[in-house]
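These notes are about the structure you will find just below.
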Amino acid sequence: MTAIPQERRVVTAIPGPKSIELQARRTATVAGGVGSVLPVFTARAGGGIIEDVDGNRLIDFGSGIAVTSVGASAEAVVRRASAQLQDFTHTCFMVTPYEGYVEVCEALAELTPGDHAKKSALFNSGAEAVENAVKIARAHTKRQAVVVFDHGYHGRTNLTMALTAKNMPYKHGFGPFAPEVYRVPVAYGYRWPTGPENCGPEAAAQAIDQITKQIGPENVAAIIIEPVLGEGGFIEPAKGFLPAIVKFANDNGIVFVADEIQSGFCRTGQWFACEDEGVVPDLITTAKGIAGGLPLAAVTGRAEIMDAPHAGGLGGTYGGNPVACAGALGSIETMKEQDLNGRAKRIEEVMKGRLTAMQEKYDVIGDIRGRGAMIAIELVKDPATKEPDAAAAGALAKACHAEGLLVLTCGTYGNVLRFLPPLVIGEDLLNEGLDILEQAFARL
Ligand SMILES: *Cc1c(COP(=O)(O)O)cnc(C)c1O
């Protein structure tokens, strides 16, 4: 493995000629429904840099959507996964088990909130983990209804499309969706009519009232929420909202599921974002950052809930693949050894400082929010009306891409620029990325 120089370098237009050639082949053969943010073809990646086939080096503020928190070629991930590849690639844990799977479950029991007895089951993708959390909650409660929230995102399979809030691009034309899914308000402070101070308790009261009146708590198997909403726009539920929902779930025998697929594994400066409000979920779903880029997901939770499904009721051919488990153990090793929670907090400090200075100059920045290395700015046409400005988000992203800074957009209104750098990014690269963003604002 050769270390990639941690320096931005733009030597062609972006995308360059080799990427354009590959993109033509891709368009001819890859289904049009699969999009790409930036059609720059990757040659190698690591630390805070993505190097493309034309020799450009982009600063990475995306981490492959919050996946490569330890970098895309972390030493411990490569070492452990390579060793596992030499030994065996697969047996299927449901046929003959192996130690790596058990070790990952032990690590999840140790790292997730709460000191109760915990068990885990491993899967391949975030959506699969969320689906299985629903199966487990239904088996445990013998109830059917599932409650989710405005602006929530939980995946693209049939059940998780039903759980996801946003129509375009996730659901449009793909129905009918799974039944017994109910959506209630979330505490979106920036857009709450009576202001962010009142938002937490008011939104919780509205959500609880709707569940009580429209579903009946005795029919609810699970309440599923992202402790920081990801695709919906990096919305941090206003203070007090999460604890109120957790208390309601506990009082009514409802399984509270924290979907930490995007916010987990040091991304917000904690192992899991719900720790910031002392929330202990019954079940927690993880994926993305767990395995340094290898496909792995998990449901972890109270042993008595996790054990509710009958033997053979959970599983999948590849779930907890040994190479992915080795990657997860390498990723967790890196997070501990390099104190990536500390790094995430430092990234927040640098980013929020710089973004606050930009907000003073550019009032298109309506809101700055997020925690750790999960930071976003919401763009508006006018700070008084808060009318969403998706065009500005698109234009800024495009301007950043042209200069070799990879940024992503998100949000129900498409007007949020989100920053998800690898937690191992150097501070010089981080600041250089923010310089590029600042220049993009100046030219907007
Ligand atoms: C990405 C994501 C998912 C879906 O994960 P996949 O691995 O893409 O299936 C589910 N929930 C949240 C919060 C996510 O960010």
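Counting convention: from 1, in listed order, for ligands and their atoms alike. All heavy atoms count here, side chains included; hydrogens, waters and symmetry mates do not.
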Notebook entry, point to check: Looking only at N/O atoms, are E226 and ligand 1 under 3.5 Å apart anywhere?
Noted result: no
Note to self: Please report whether ligand 1 has a polar contact with A127, defined as an N or O pair separated by less than 3.5 Å (distance criterion only).
What the structure shows: yes
Notebook entry, point to check: Is E128 close to ligand 1, meaning an N/O of one under 3.5 Å from an N/O of the other?
Noted result: no
Next item on the list: Report, in ascending order of atom number, the atoms of ligand 1 lying under 4.0 Å from any heavy atom of Y153.
Entry: 1 (C), 2 (C), 3 (C), 11 (N), 12 (C), 13 (C), 14 (C)
Check: In ligand 1, which numbered atoms sit nearer than 4.0 Å to a non-hydrogen atom of D259?
Finding: 10 (C), 11 (N), 12 (C), 13 (C)
Checklist line | Donor-acceptor contact present, side-chain E275 to main-chain F272, <3.5 Å | finding: yes
Margin query: Taking the cut-offs as 6.0 angstrom to the six-membered ring centre and 45 degrees off its axis, would you call K171 and F177 a cation-pi pair?
Written below: yes
Notebook entry, point to check: Does the pair S69 and R267 meet the rule for a side chain to side chain donor-acceptor pair (under 3.5 Å), with working shown?
Noted result: CA-CA 7 Å; S69 298; R267 180 48 61 183; 3.1 Å; yes
Notebook entry, point to check: To the nearest 0.5 Å, what is the distance between CE (M351) and CE (M358)?
Noted result: 9.0 Å
Check: Parallel, tilted or perpendicular: which describes the rings of Y188 and Y190, with under 30° parallel and over 60° perpendicular?
Finding: tilted
Next item on the list: Answer yes or no: is there a donor N or O on one side and an acceptor on the other, between the side chain of R418 and the main chain of T409, under 3.5 Å?
Entry: yes
Note to self: Going by a strict under-4.0 Å cutoff (protein heavy atoms only), does atom 8 (O) of ligand 1 have a neighbour on the protein?
What the structure shows: no
Item checked: Heteroatom proximity flag, G126 to ligand 1, N/O under 3.5 Å -> yes
Notebook entry, point to check: Are any of the N or O atoms of K288 closer than 3.5 Å to those of ligand 1?
Noted result: yes
Check: Any chance the rings of F123 and Y318 have centres within less than 6.0 Å?
Finding: no
Check: Where on S125 is there a heavy atom closer than 4.0 Å to ligand 1, on the side chain, on the backbone, on both, or on neither?
Finding: both
